[in-house]
A.B. asks: 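Quick one: structure below, then a few questions.
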Amino acid sequence: MVLFAGFLTNFMPIMKIIIPVKRVLDPYTQARVNKQTQQVDLSNAKMAMNPFCEIAVEEALTLKESGSASETIAVSIGTDKTVDTLRTALAMGVDRAIFIKTDSELDLQPLHVAKILANIVKREEAELVIMGKQAVDNDNNQTGQMLSGLIDYSLGTFISKFDLSADATSVEVCREIDSGIETRKLSLPSIVTVDLRLNEPRYASLPNIMKARSKPMETIELSSLGIDTAPRIKVVSVEESGTKDRASKQINSAEELFSELNQMGVL
Amino acid sequence: MSVIILIELNGSEVSASSRAAITAASELSDSVDALVLTRDASNSSSVSQLSGINSVKMIVDDSLDNVNVEVASKLIADVMSDYDYLVAGSSTFSKNILPRVGALLDVQPISDVCEIKSNNTFVRPLYAGNVMATVESSDETIVMTVRSTAFEHSGDGGSASVETISASMPSSSSEFVSLQESESERPELTTAERIVSGGRGLGSKENFVLIEQLADKMDAAVGASRAAVDAGFISNDYQVGQTGKVVAPKLYLAVGISGAIQHLAGMKDSQVIVVINNDPDAPMSRMADLVWQVDLFDALNELNAYQV
Ligand SMILES: Cc1cc2nc3c(=O)[nH]c(=O)nc-3n(C[C@H](O)[C@H](O)[C@H](O)COP(=O)(O)OP(=O)(O)OC[C@H]3O[C@@H](n4cnc5c(N)ncnc54)[C@H](O)[C@@H]3O)c2cc1C
Ligand SMILES: Nc1ncnc2c1ncn2[C@@H]1O[C@H](COP(=O)(O)O)[C@@H](O)[C@H]1O
């Protein structure tokens, strides 16, 4: 029995998981535009980890806890405050963090983020990247797909289920697509982008928040990576387009509803 | 300036979002081609009948049924040497493939274009549509998806030429296993003229049937909030919102939905909005043309029993 256990430990999983996480405006906060700068005003705004990234972190932690992964590494690209988001990931339980430090003037787009992540994934020789399907600030829904193209990993987008094969060479994912749920088998190495129903992310417990302070966080200056970050897209202007209140009319019965809708010609 | 559209087929039918892409593309160029990746060469017929298409380029191979994104993105990137723009409708099909094509071409794609201002300037939503940004691309090749609620859906009536492109199939690192489609006789959510949508207030899958009954009565599609989908009242493909489907029907009837910004993101452009909710302060009500402040079960029972 002891021998058998020893045998197993020789086959300790070596799979490293990278989880790119983004710091964004808290999703329950209304975005406000600063007319002077023609930018969304984030100066005093409440910020948070992108909700999809929280789900990605949770999935990586579950894999580590089940013994399927050797290490979980959160990566975030941004200005100094981004460290807060990486601390959150560490407090949730990831093993270490990589902070790619950028200049605040820089307008990073998914192509740039994907190139930076490609650099880190190669350096770490990570076999699996779990990331959000979209960042709720720019709503691009691109970075994972682009990263997979740059490093030629298999790709599973919008996943709501993730099952690693017993031999850890492939993964079966369920994808939330417009017509229903699609199941695919991806050979590792892979990039997966997660959808909301994959799991319920955990909260960081107080002891884990304390523990996180002593976990390793590496800082890399973006400029040291030699990646072309010239903007491909220029934001010319932005405009608030929040919902316009409508002059609501109260109704009180089915009859009234149908007659109003008939008058409006929408039935 | 030449444009190619990535066509999404549902069976042999061209999707509504591809039809919106044709309209958007026609604002960019007089020469719009369509690209079809398919197993079945006979699918060229529905595409060549689309109005506004110059030529249909077909790549036909058995492996292109439920195409793998790794394969599709490579094939499309290769075709792009002849084109300035790649346009597709914003659907999970294109959102999966186009960014990977962008990476292979070293360009920055533009998601969810709602308006075309010039040949390189576009309007797109940020922050769940609470902000609209005008963006200018400096890429040589422009890759973009367009919102199907923002452009007319091009009809039939064309007779485009059809050309089969012989391409060698790239190897693939993923494979299709299965598709669990929800079957419904009702109108399709993203193109329906009327939608009856239910939220957490419905309380259970059994109760959600009341929404389906009302939808049938009104010849409407069924929609849902994220909370309703998360709770298992209905499957994921009915979710309306920032991360679900974007709709703009003539009539959107929201029952037991509070109106979180992520939900409003998916339906705020509806022509007439009706809200049934017992909470007078639900944000949804401010968006409404008609509000019925009532217990939703009373309202649904009365509506379902009402003889129109
Ligand atoms: C990243 C992210 C993405 C998201 N994407 C989406 C998305 O795409 N789509 C989406 O919908 N949400 C999305 N959400 C979730 C969104 O924030 C809300 O949580 C969700 O829309 C709430 O759903 P609901 O209105 O059904 O539930 P609730 O907010 O719980 O509202 C239920 C409503 O029902 C009413 N009600 C309850 N019982 C009765 C009764 N008996 N009679 C009358 N009225 C009753 C209540 O007054 C309340 O207004 C997203 C959230 C995040 C963080
Ligand atoms: N600055 C960033 N740092 C780390 N990860 C990022 C960053 N921007 C985007 N990502 C990752 O890419 C995902 C999709 O973002 P997007 O393509 O911008 O919608 C996010 O959920 C993150 O996992």
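Below, chains carry the letters A, B, ... as their sequence lines are ordered, and counting in each starts from 1. Because the structure is a prediction, the values reported are computed rather than measured.
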A.B. asks: Under a 4.5 Å heavy-atom cut-off, does chain B meet the side chain of A/Val173, its backbone, both or neither?
C.D. replies: neither

A.B. asks: Tell me, for B/Asp112 versus chain A, whether the close heavy atoms (under 4.5 Å) come from the side chain, the backbone, both or neither.
C.D. replies: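 For B/Asp112, side-chain heavy atoms alone lie under 4.5 Å from chain A.
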
A.B. asks: Using non-hydrogen atoms only, which part of B/Glu70 is less than 4.5 Å away from chain A: side chain, backbone, both, or neither?
C.D. replies: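 For B/Glu70, side-chain heavy atoms alone lie under 4.5 Å from chain A.
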
A.B. asks: Need one label for B/Tyr306: side chain, backbone, both or neither, based on atoms under 4.5 Å from any heavy atom in chain A.
C.D. replies: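 For B/Tyr306, side-chain heavy atoms alone lie under 4.5 Å from chain A.
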
A.B. asks: Out of B/Ser182, B/Ser235, B/Ser91, return the one with the most heavy atom pairs under 4.5 angstrom to chain A.
C.D. replies: B/Ser91

A.B. asks: Please identify, among B/Ser137, B/Ser178, B/Pro249, the residue contributing the most non-hydrogen atom pairs under 4.5 Å to chain A.
C.D. replies: B/Ser178

A.B. asks: Please rank B/Ser172, B/Pro109, B/Ser174 by heavy-atom pairs under 4.5 Å with chain A and give me the top one.
C.D. replies: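 The option with the most such pairs is B/Pro109.
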
A.B. asks: Would you mind checking which part of A/Gln250 comes under 4.5 Å of any heavy atom in chain B, side chain (CB onward), backbone (N, CA, C, O), both or neither?
C.D. replies: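 Both parts, heavy atoms under 4.5 Å.
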
A.B. asks: Please look at B/Glu188 and chain A and tell me whether the side chain, the backbone, both or neither of the residue comes under 4.5 angstrom of a heavy atom of that chain.
C.D. replies: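 Nothing of B/Glu188, per the 4.5 Å heavy-atom cut-off to chain A.
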
A.B. asks: Identify which part of B/Ile97 has an atom lying under 4.5 Å from any heavy atom of chain A, answering side chain, backbone, both or neither.
C.D. replies: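 Looking at B/Ile97, nothing touches chain A.
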
A.B. asks: Return the option, out of B/Val308, B/Val107, B/Asp269, with the maximum number of heavy-atom pairs under 4.5 Å with chain A.
C.D. replies: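 Maximum pair count with chain A is reached by B/Val107.
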
A.B. asks: Where does B/Leu303 contact chain A at under 4.5 Å (heavy atoms): side chain, backbone, both or neither?
C.D. replies: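 Both parts, backbone and side chain.
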
A.B. asks: Pair A/Met264, B/Leu290 - check side chain to side chain contact (heavy atoms under 4.5 Å, CB included), show working.
C.D. replies: CA-CA 11 Å; A/Met264 291 169 166; B/Leu290 300 174; 4.2 Å; yes

A.B. asks: Is B/Val272 in contact with chain A via its backbone, its side chain, both, or neither, using a 4.5 Å heavy-atom distance?
C.D. replies: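 Both parts, heavy atoms under 4.5 Å.
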
A.B. asks: Chain B heavy atoms under 4.5 Å from A/Ser253: which part of the residue, side chain, backbone, both or neither?
C.D. replies: both

A.B. asks: Let me know if A/Leu196 has heavy atoms under 4.5 Å from chain B in its side chain, its backbone, both or neither.
C.D. replies: both

A.B. asks: For B/Arg124, is it the side chain, the backbone, both or neither that has a heavy atom under 4.5 Å from a heavy atom of chain A?
C.D. replies: side chain

A.B. asks: Any idea which of B/Thr134, B/Val135, B/Leu104, B/Val274 has the most non-hydrogen atom pairs under 4.5 angstrom with chain A?
C.D. replies: B/Thr134

A.B. asks: With a 4.5 Å cut-off on heavy-atom pairs, point out which of B/Leu264, B/Asp230, B/Val275 contacts chain A the most.
C.D. replies: B/Asp230

A.B. asks: Checking A/Pro231 against chain B: side chain, backbone, both or neither under 4.5 Å from a heavy atom?
C.D. replies: backbone

A.B. asks: With a 4.5 angstrom heavy-atom cut-off, is it the side chain or the backbone of A/Ala247 that approaches chain B, or both, or neither?
C.D. replies: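 Answer is backbone: N, CA, C or O of A/Ala247 sit under 4.5 Å from chain B.
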
A.B. asks: Using a 4.5 Å cut-off on heavy atoms from C-beta on, say whether the side chain of B/Val196 contacts that of B/Met218.
C.D. replies: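 Answer yes - side chains close enough.
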
A.B. asks: Can you tell which part of A/Lys244 gets under 4.5 Å to a heavy atom of chain B, answering side chain, backbone, both or neither?
C.D. replies: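 Backbone only.
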
A.B. asks: Heavy-atom distances under 4.5 Å only: say whether B/Asn68 touches chain A with side chain, backbone, both or neither.
C.D. replies: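 Both the backbone and the side chain of B/Asn68 come within 4.5 Å of chain A.
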
A.B. asks: Under 4.5 Å from any heavy atom of chain A, what part of B/Thr145 do you find: side chain, backbone, both or neither?
C.D. replies: neither

